There are 2 protein chains.
Amino acid sequence: VEKFAVSAAILSASEPLVSLGLCEARLQADARWPWLVLVPRRAGAMEIEHLSLADRAALMEEVVLAGAAVRAIGSAIGRPVEKLNVGALGNVAPQLHLHVVGRRADDAAWPGPVWGFGRALAYDPLALARTREAAMGVLGAASIKNGS
Amino acid sequence: VEKFAVSAAILSASEPLVSLGLCEARLQADARWPWLVLVPRRAGAMEIEHLSLADRAALMEEVVLAGAAVRAIGSAIGRPVEKLNVGALGNVAPQLHLHVVGRRADDAAWPGPVWGFGRALAYDPLALARTREAAMGVLGAASIKNGS
């Protein structure tokens with residue numbers, strides 16, 4: 001039986017936050033947007049249709065929770081989120097993962113999508129700490145352990 | 001009470017297929033990709049979080065169904081889908097709607113997202129008929145009436 005692990009492509013672009021009931025919730029390593037990545041802990045899954053009905057329902061609820069966390073990040077850094085963008089692409093990193101991104105009409109890519117737009121901006125340590133704290137304020141209660 | 005209607009921005013970019021249990025399923029008017037749009041029939045909804053728990057679960061299942069329809073379109077036109085892309089953006093058209101798009105490594109925008117990429121390509125009548133037929137082969141059984 002194949003064992004679940006977050007793929008190298010996702011590991012290299014994000015950092016761990018928490019393990020939720022279904023997904024590893026990770027922070028995208030890009031300070032341009034409040035941006036979480038959800039990776040269902042199901043080995044071999046590449047499409048939403050590969051998940052069971054119960055897992056799909058759980059995924060939907062974790063998307064909503066991640067949206068609340070993204071909104072909390074935006075508020076904490078003084079840039080309240082105006083629109084959530086949710087995407088499951090996987091054209092570059094095939095392991096099933098969902099992006100939940102906080103958008104504003106004054107952000108660099110608006111109204112286009114963030115995926116493939118320019119280059120990631122590294123977090124500075126203070127902004128990263130503030131961002132993690134805001135995200136964990138929402139996600140912490142739903143955590144089953146520290147993320148991987 | 002506000003009455004549901006598909007917004008003008010979505011009407012102008014897509015055409016009706018069927019009404020599913022929750023969503024209006026529409027065909028994006030862009031022959032470059034097999035591409036469905038799902039619009040939940042909930043007046044005022046702009047984010048997934050605006051839907052009830054039951055509606056969110058239904059939406060997830062209609063996304064999976066739309067994925068099967070998109071795969072059927074790809075097969076019918078001789079370009080089998082290699083990866084599904086699912087997105088809820090709404091930066092341009094704020095009414096809640098989800099995109100389900102069939103991608104291939106040889107498509108024009110790969111591996112980038114389709115949203116905002118180039119200009120829509122109008123369907124010719126024969127390709128449109130074949131596309132509609134393939135989509136309806138999957139969606140027809142789940143239809144509650146003709147779409148709007």
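Below, read A as the first sequence line, B as the second, and so on, with proteins coming before strands; counting in each chain starts at 1. Heavy atoms only: backbone and side chains are in, while hydrogens, waters and symmetry mates are out. Here the structure is a predicted model, which means the values were calculated and not measured.
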Report, in residue-number order, which members of residues 36-47 of chain A are under 4.5 Å from chain B by heavy-atom distance.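 Within residues 36-47 of chain A, near chain B: A:Met46, A:Glu47.
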With rounding to the nearest 0.5 Å, note down the distance linking CG in A:Leu89 to CH2 in B:Trp115.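 Taking CG in A:Leu89 and CH2 in B:Trp115, the distance rounds to 4.5 Å.
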Any side-chain heavy-atom pair from A:Met60 and B:Ile48 closer than 4.5 angstrom?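 Yes, at least one pair of side-chain atoms sits under 4.5 Å.
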Are B:Glu49 and A:Leu84 side-chain neighbours, meaning at least one heavy-atom pair lies under 4.5 Å?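 In contact.
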Honestly curious: do B:Trp110 and B:Val81 fall in one hydrophobic cluster under the side-chain, below-4.5 Å linking rule?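 Each belongs to a different hydrophobic cluster.
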Leading residue by heavy atom contact count with chain B [cutoff under 4.5 Å; candidates A:Val92, A:Leu98, A:Asn85]: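 It is A:Asn85.
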Interchain contact, [X] with chain B, by part (heavy-atom threshold 4.5 Å):
X	result
A:Arg103	side chain
A:Arg104	neither
A:Glu61	side chain

I'd like to verify something: which residue of B:Ala68, B:Gly116, B:Ala88 has the highest number of heavy-atom pairs under 4.5 Å with chain A?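 Among the listed options, the one with the most contacts to chain A is B:Ala88.
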Please find the pair of heavy atoms, one from A:Asn91 and one from B:Gly112, that lie closest to each other, and give the distance.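 Scanning both residues, the minimum pair turns out to be ND2-O, 3.8 Å.
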